[in-house]
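Residue numbers start at 1 and run along the sequence shown.
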Amino acid sequence: MEDLNIYILTSNCARTLIDVDLFADHFFDALSADARGLGAPELIVLSLQEIAPIAYSFLGGAYLTPYFDAFVRTVKKATAKSWNEAYVNLVKDHTGMTGLMVFARADIIDKIPWVDTAHVGFGIQEMGNKGAVGARLGYVAGSNPSKTVELTFVAAHLAPMENALKQRNTDWQSIVERLVFSHQNTSPMAVGQESSDENTALLADHESSHEAETSRRDLFAPNSYVFLAGDLNYRTSDVSPSKADIVHFPRQGVPREDPAHYSHLLKEDQLIREMREGRCFHGLSEAPIDFPPTYKYSGAAQQAARLSLINGESETEWKWSTHRWPSWCDRILYLDSPSWAREGGQVKPHAYNALPLFPHSDHRPVALAVTVPLKASDLSETDHEGSGAHSVAPFTIDPSWRSRRDAARQKEIVVGFLAYLGLTWEGNGMLLASTLGLIGAWVLLRSL
């Protein structure tokens, strides 16, 4: 059975444009020698959190273009260097400050006949300062174009802070209940273009109520593989660290039996505990973690990172911020086998690792390399009736998912415009010009 090779990377961008050359040079550092032996991946998926300042993220459209384009150039340079392969950007979408990009190797682009997207915000007033964006695509298995393997990719950014554990679990529930795919089977080359922009899609209803109701599909569509990547923000303590706790922070270069080795802190990981207790990410799995915490590195560590990367060094001294517990915030989870796949349908992880620290962020990116068997479901939609999210997670689709997202999107536009005026140089200039114009008009009227 043929396998599909996928490389998934999650990165918190800290609302800053990345250094394309630095990121590209280390883009595939997570791959082991065995994983590199699989060759150039057919699909590359990027989950991006805090992709841009809130004004640009909430307004979307052309305001986000420079930030997305930086990653397009990064992927182009990294793949050319590693495999001399060309890739096509199929998906370039976002919910507020959380972005999702999907790239397909140019020689397999014809095997992807359709792409569907979904959005949910669960930040302030359900806006997208925290939220998730999903893409579901069909990949033709074999020579029969009607037989496709469905792949669902979700980029997510959950609630921060050590004590927000319950809110993070609630955010997961919101993803299951309100990240709904309407199954419009959009041409993959149209996703991310202006005609398919999130703003347009959410503010204009392209389907009748009946069609939307009958064709929508939840996160756990029973004939789809699922991958969820992002800054999930689960920490290694339920409270912030005290000054005395700093001595327990992981140190670099110590043996595994040393109490300062990061493996001992991993035992306190909230996400592992909550998944084991069945309180979040139901049905999903994670490859073993064998890398240090990805958050929160200090400003001094970020400054040192630039020099190290320029000098060709991939590792710098671990310098932690003292007001946050070092934690594995950045994670990639997956549904290892859909209900229909049975034997031989399991996802196979080949590498799961953190990239170096980059100077633009206090997070280290994390990447997962997997192969997925190209085995299409032999069952029809009616055969799947009654299965779905509730067969995996104890939540069902919220019937108000669309109206709630539309209402939140309207708020995002207002907040984005106000943030643009108050927090950007362009907006400040616009305010100044408007003020001077009003004063000038008043003076002119007075003189007349």
What I'd like to find out is whether the side chain of [X] reaches to under 4.5 Å of the side chain of [Y], using heavy atoms alone.
{"X": "Thr371", "Y": "Leu38", "answer": "yes"}
{"X": "Leu333", "Y": "Ser285", "answer": "no"}
{"X": "Phe122", "Y": "Leu158", "answer": "yes"}
{"X": "Phe291", "Y": "Trp328", "answer": "yes"}
{"X": "Asp269", "Y": "Arg331", "answer": "yes"}
{"X": "Arg324", "Y": "Ser240", "answer": "yes"}
{"X": "Val372", "Y": "Leu151", "answer": "yes"}

> Please walk me through it: do His282 and Phe220 pass ring-ring contact (aromatic ring centres under 6.0 Å, His included)?
Replying inline: CA-CA 10 Å; His282 308 80; Phe220 288 108; 8.5 Å; no
Would you say the side chains of [X] and [Y] form a donor-acceptor pair under 3.5 Å?
{"X": "His350", "Y": "Asn5", "value": "no"}
{"X": "Glu286", "Y": "Tyr352", "value": "yes"}
{"X": "Tyr234", "Y": "Asn169", "value": "yes"}
{"X": "Thr152", "Y": "Ser224", "value": "yes"}

Would you check if the side chain of [X] reaches a backbone N or O of [Y] as a donor-acceptor pair within less than 3.5 Å?
{"X": "Arg105", "Y": "Ala40", "answer": "yes"}
{"X": "Glu177", "Y": "Ile397", "answer": "no"}
{"X": "Arg15", "Y": "Ser57", "answer": "no"}
{"X": "Arg235", "Y": "Asn233", "answer": "yes"}
{"X": "Asn89", "Y": "Val91", "answer": "yes"}
{"X": "Ser32", "Y": "Ala35", "answer": "yes"}
{"X": "Ser237", "Y": "Val239", "answer": "yes"}
{"X": "Glu268", "Y": "Thr236", "answer": "no"}

> Do Asp21 and Lys77 meet the salt-bridge criterion of a basic N to acidic O distance under 4.0 Å?
Replying inline: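 Between Asp21 and Lys77 there is a salt bridge, with a charged N closer than 4.0 Å to a carboxylate O.
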> Do Asp25 and Lys81 meet the salt-bridge criterion of a basic N to acidic O distance under 4.0 Å?
Replying inline: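 Yes, charged N to carboxylate O under 4.0 Å.
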> Which of parallel (below 30°), tilted (30 to 60°) and perpendicular (above 60°) describes Phe28 and Trp83?
Replying inline: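 If you compare the ring of Phe28 with that of Trp83, the planes turn out perpendicular.
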>> Parallel, tilted or perpendicular, judged at 30° and 60°: which one describes the rings of Tyr334 and Phe227?
In response: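 Taking Phe227 first and then Tyr334, their aromatic rings sit tilted (interplane angle of 30° to 60°).
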Check this for me: [X], atom [atom1], are more than 12 non-hydrogen atoms of other residues, nucleotides or ligands nearer than 6.0 Å?
{"X": "Gln125", "atom1": "CD", "answer": "no"}
{"X": "Leu418", "atom1": "CG", "answer": "yes"}
{"X": "Lys76", "atom1": "NZ", "answer": "no"}

> Going by the side chain to side chain donor-acceptor pair (under 3.5 Å) test, which pairs reach into residues 61-75, not counting sequence neighbours?
Replying inline: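 Found none.
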>> Walk me through whether Gln167 and Asp171 qualify under side-chain hydrogen bond (donor to acceptor under 3.5 Å, both in side chains).
In response: CA-CA 6 Å; Gln167 182 58 53; Asp171 291 345; 2.9 Å; yes
Only pairs under 3.5 Å count here: list side-chain donor-acceptor contacts from residues 7-14, not counting sequence neighbours, and write none if there are none.
from	atom 1	to	atom 2	distance (Å)
Tyr7	OH	Phe27	O	2.7
Thr10	OG1	Gln49	NE2	2.9
Thr10	OG1	Gly230	N	3.4
Asn12	OD1	Ala14	N	3.0
Asn12	ND2	Asp231	OD2	3.0

> Can you name the closest pair of heavy atoms from Lys296 and Asp362 and give their distance?
Replying inline: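 Here Lys296 and Asp362 meet closest at NZ-OD2, 2.6 Å.
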> Partners of Phe23 by ring pair (Phe, Tyr, Trp, His ring centres under 6.0 Å), sequence neighbours excluded?
Replying inline: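 With neighbours one apart ignored, the set is Phe71, Phe358.
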> Excluding sequence neighbours, so at least two apart, what forms ring pair (Phe, Tyr, Trp, His ring centres under 6.0 Å) with Tyr295?
Replying inline: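 Partners of Tyr295 by the ring pair (Phe, Tyr, Trp, His ring centres under 6.0 Å) criterion, ordered by chain and then number, come out as His363.
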> Which value, rounded to the nearest 0.5 Å, describes the distance between Asp238 atom CG and Arg273 atom CZ?
Replying inline: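 Output value for this atom pair is 5.0 Å.
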> Excluding sequence neighbours, so at least two apart, what forms side-chain hydrogen bond (donor to acceptor under 3.5 Å, both in side chains) with Arg404?
Replying inline: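 Checked Arg404 against side-chain hydrogen bond (donor to acceptor under 3.5 Å, both in side chains); matches are Glu126, Asp398.
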> How would you list, by chain and number, every residue that makes a side chain to side chain contact (heavy atoms under 4.5 Å, CB included) with Lys166, sequence neighbours excluded?
Replying inline: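 Lys166: no side chain to side chain contact (heavy atoms under 4.5 Å, CB included) contacts found.
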